[in-house]
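Each remark here refers to the structure printed beneath this line.
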Amino acid sequence: MKFTACYTKLEDDYIMGQLLEWPNVLTSGKDMKDCQEMLKDAAREMAIAYYEDGMKIPQETLIIEPIEINIEPEALLENVG
């Protein structure tokens, strides 16, 4: 099965990884390679748990689109009131 991984660099220089189609699969590692291996292992362990509980592994189709959101302080304060 193929999934889409999303990675975030954390403040402590660790990398957090999550499967976008299966958000319950989330882990972190000391670098990108470590995080990728941890993410694969977490997915395998989660698959075993799903299988044992009779649950289906999510296979949603993602629609990924960048959006612009104005979060400048002035724009946020316009809606306070």
Side-chain angles (χ1 to χ4, degrees):
M1 297 180 82
K2 288 189 178 188
F3 293 95
T4 308
C6 178
Y7 300 97
T8 303
K9 187 169 180 158
L10 304 175
E11 289 182 21
D12 59 2
D13 288 332
Y14 268 67
I15 305 290
M16 179 180 69
Q18 182 174 27
L19 298 181
L20 296 182
E21 297 89 347
W22 199 359
N24 291 348
V25 178
L26 175 73
T27 191
S28 63
K30 62 184 180 224
D31 55 34
M32 189 65 143
K33 183 178 178 186
D34 185 48
C35 187
Q36 289 170 339
E37 291 305 314
M38 297 286 285
L39 196 56
K40 290 175 185 179
D41 185 58
R44 285 188 290 267
E45 292 296 322
M46 188 69 79
I48 291 168
Y50 270 50
Y51 176 76
E52 289 174 346
D53 289 343
M55 298 169 59
K56 261 182 89 172
I57 295 172
Q59 294 183 8
E60 287 104 21
T61 300
L62 295 178
I63 299 172
I64 298 173
E65 174 186 73
I67 62 171
E68 186 172 329
I69 302 170
N70 189 353
I71 56 172
E72 296 299 320
E74 301 81 28
L76 296 174
L77 292 175
E78 288 175 7
N79 296 319
V80 175

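Aromatic ring pairs are classed by plane angle as parallel below 30°, tilted from 30° to 60° and perpendicular above 60°; the pair W22 and F3 is tilted.
Atoms NZ and OG1, on K40 and T27 in that order, are 13.5 Å from each other to the nearest 0.5 Å. From I15, atom CD1 reaches atom CG of L10 across 7.0 Å, with rounding to the nearest 0.5 Å.
Heavy-atom minimum distance, L19 versus A43: CD1-CB, 4.0 Å. The minimum heavy-atom distance linking G29 with Y14 is given by the pair O-CD2, 3.0 Å. The two atoms that bring P58 and E21 nearest to each other are CB-O, 3.4 Å, heavy atoms only. Closest approach of L26 to Q18, counting heavy atoms only: CD1-CB, 3.6 Å. For the residue pair L39 and Y7, the shortest heavy atom distance occurs at CD2-OH, 4.0 Å. Of all the heavy atoms in G17 and C35, the pair that sits closest is N-SG, 3.4 Å.
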- Carefully, step by step, assess L20 and I64 under the rule side chain to side chain contact (heavy atoms under 4.5 Å, CB included). CA-CA 10 Å; L20 296 182; I64 298 173; 4.1 Å; yes
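By the rule that hydrophobic residues join a cluster once side-chain heavy atoms approach within less than 4.5 Å of another member, V25 and M16 end up as members of separate clusters. Note on M46: it clusters hydrophobically with M1, by side-chain heavy-atom contacts below 4.5 Å among ILVMFWY residues.
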